[in-house]
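Keep in mind that what you see is a predicted model, and the values were worked out from it rather than measured. Order of appearance sets the numbers: ligands from 1, and atoms from 1 within every ligand.
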Amino acid sequence: MELLEGIRTRRSIRKFKDTPVPRDVVLKAVDSAKYYPSWKNTETARFMLIENKDLKRKIADCVLGFTHNTEIINNAPSLIVVLTIKGRSGYERDGRPTTSKGSHFESFDAGLATQNLMLSLHNEGVGSVVLGIYDEEKIKALLDLDDTYSISCLLPIGYKVEDAICPARHTNEEFLIIK
Ligand SMILES: Cc1cc2nc3c(=O)[nH]c(=O)nc-3n(C[C@H](O)[C@H](O)[C@H](O)COP(=O)(O)O)c2cc1C
């Protein structure tokens with residue numbers, strides 16, 4: 001798929017076929033996603049692939065009451081939990097924040113990795129959607145994750161049932177400020 005076509009045609013997919021996404025397809029997308037830019041090339045983003053249905057169902061219940069997301073996760077054949085290793089991106093080696101923005105760049109970097117992953121999956125015909133409403137502490141406990149990590153987002157993945165409508169976009173005049 002041509003790059004700009006991929007960027008423009010990627011849509012958030014929330015309804016998936018039962019068909020599993022083969023592990024090698026996920027691995028191919030992950031292999032491209034790792035070329036994301038990151039703070040001093042610290043590469044602090046990590047992906048955790050959840051294929052186990054029971055575990056996925058338990059995670060789906062940790063959505064702060066936003067059952068819309070429960071349905072999406074349960075409907076998807078696999079789930080990727082996007083992790084960040086805390087305290088490196090945006091920080092000096094001695095642990096001091098380099099700028100006034102503190103931990104800001106941790107999930108910023110993970111977001112860049114996630115967009116690479118979404119586009120790489122899209123290139124393989126696999127849909128995905130970023131989910132931001134979840135109970136981080138409960139999911140960390142389910143996944144045995146200690147305080148080294150934070151969860152930057154959840155990403156259900158699978159083959160789409162139907163094309164998703166593209167929500168309206170800003171005009172260039174709204175989007176780009178030129179001074
Ligand atoms: C940080 C972030 C959090 C999001 N959280 C959710 C969510 O909790 N549930 C959901 O259905 N979609 C969620 N989305 C998906 C957006 O609604 C979607 O990207 C937006 O409507 C644009 O549609 P498109 O991705 O098809 O271009 C989230 C997207 C981002 C970037």
Residue pair I85, Y149: steps toward the side chain to side chain contact (heavy atoms under 4.5 Å, CB included) verdict: CA-CA 5 Å; I85 297 174; Y149 298 96; 3.8 Å; yes
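- Both L154 and I72 are assigned to one and the same hydrophobic cluster, defined by single-linkage of ILVMFWY side chains at heavy-atom distances under 4.5 Å.
- Annotation: ligand 1 has protein neighbours R10, R11, S12, R14, H68, N69, I72, V129, V130, L131, G132, I133, P167, R169, each with a heavy atom less than 4.0 angstrom from the ligand.
- The one candidate from S152, S150, S89 that meets the side chain to side chain contact (heavy atoms under 4.5 Å, CB included) condition with T44 is S89.
- Between the side chain of N69 and the main chain of L131, no donor-acceptor pair closer than 3.5 Å is present.
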CA sep, side-chain torsions, deciding dist, call: S103, K86, side chain to side chain contact (heavy atoms under 4.5 Å, CB included): CA-CA 8 Å; S103 63; K86 292 159 71 174; over 6 Å; no
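- Applying the salt bridge (charged side-chain N to carboxylate O under 4.0 Å, His left out) definition to pairs two or more places apart or across chains, those involving residues 88-99 are K40-E92, D94-R96.
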